[in-house]
Amino acid sequence: MVTINFEESAKSIISLLQQQENIAIIIKGSPDPDALASSYFFWKLCGILHVKATIFGFMPASLPSNKEFISVFNIPLRVLADIKEIKLHNYTGYIVCDYQTAVLEENFTTIPCIIHLDHHFPAEHDVPARFRILTDQVSSTSTICALLMQHISLVSLEDVSSLATALYVGIKTDSDGFKHVGEYDTMALDYIKPYCNMAVIEQIESTPLTPQALSLLQKAMDNAIVYKDWLIAGVGFVEERYRDTIAIIADYLLQDNPVELVVVYGAVYHNNHTKLDIDASLRTRSENFDLNELIKNITADGGGRKYKGAFQVHIDYFVHCPDQDKLWAIIEITTNQILKNQRDSSLKIVLQSKFKNFKKILKHFFRL
Ligand SMILES: [Mn+2]
């Protein structure tokens, strides 16, 4: 294990933030508890340091529990349709948490990235960042934030408690209920646990699924097939605002079935039914299963990391199909067949990923 000096890191972060006037905290991916908690951490930190900060996202939270998360912590998330809507020249720098790269846009001359944190292995191409921790030695970005927080005096106990509680939910979500915690995650949890408000956590976690999600879950269970040790379930057509439900159902099905891999997919309409995607979520309990490799065999539009992955296939042309039932039948037999073919060649994937683990060099780096 490569040792990360969180005390030095906390000092660097404080001094970098103190040089800033106005920071944009950018949630590049889906506003899940990990991305929200780590962005909220920096927003609070900026407040304490009297640095102006705004949290931006580009997808509204679609899961009821994520909406509840935003509301209980009062997270001032500004959801915009596109990154171009941020007047970046008004900001002295930006922060990206919980995303593999800090690139805002291709060929976009932009303000400097001040801080970039993520729990994935570094991407090949990225913009420079004044401070960066990218390591897969942690299960979540919230883990990194909690370990930094340990070395920062936050003054108000109320702030400590709400940050600890938010980060706890972030770690719990990304480690699949603490199933995949490592040494750093345990350290982070040991530190934040005494400050956590368990009643708030209970409130977030007990947010019920919407009736729409329950009906998709029912469809998934009706349509599920088991091929060898894979479970594959198509849920039919899904409205865009319920897209995240596909991932939740994949989580549910993996919990309840002793299979190696769960794939849940649906056909999702976008832009007032002018665009159509096949949207799939993959879950595995096997650490050595290279979901990224599997997904790249199917399409370039998607990716995976340990235990989870997702892909999209664009089929806009088919929005004109006059028969929805036939269209779904074709999507279903085709997708099921593609996945079955992948299962038949998956021994190769497992062997390749074992080899990759040997080659992987764990590292973190700072660019100052
Ligand atoms: Mn995360």
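Every number for a ligand or one of its atoms is a count from 1 in the order of the listing. Computed over heavy atoms, backbone and side chain alike; hydrogens, waters and symmetry mates excluded.
- In summary, the side chains of Asp34 and Ser142 do present a donor paired with an acceptor at a separation below 3.5 Å, with no hydrogens or angles considered.
- Looking only at N/O/S atoms, Asp34 comes nearest to the Mn ion (ligand 1) through OD2.
- Distances from the Mn ion (ligand 1) to each N, O or S atom of Asp98 single out OD1 as the nearest.
- The pair Glu240-Arg243 fails the salt-bridge criterion, with no side-chain N (NZ, NE, NH1 or NH2) lying under 4.0 Å from an Asp/Glu carboxylate O.
- Note on ring orientation: taking the six-membered ring where Trp is involved, the planes of Tyr91 and Phe56 are perpendicular (angle over 60°, cut-offs 30° and 60°).
- No continuous path of hydrophobic side-chain contacts links Ile232 to Ile333 [ILVMFWY only; heavy atoms under 4.5 Å].
- Residue Asp174: an N/O/S atom is found under 2.8 Å from the Mn ion (ligand 1).
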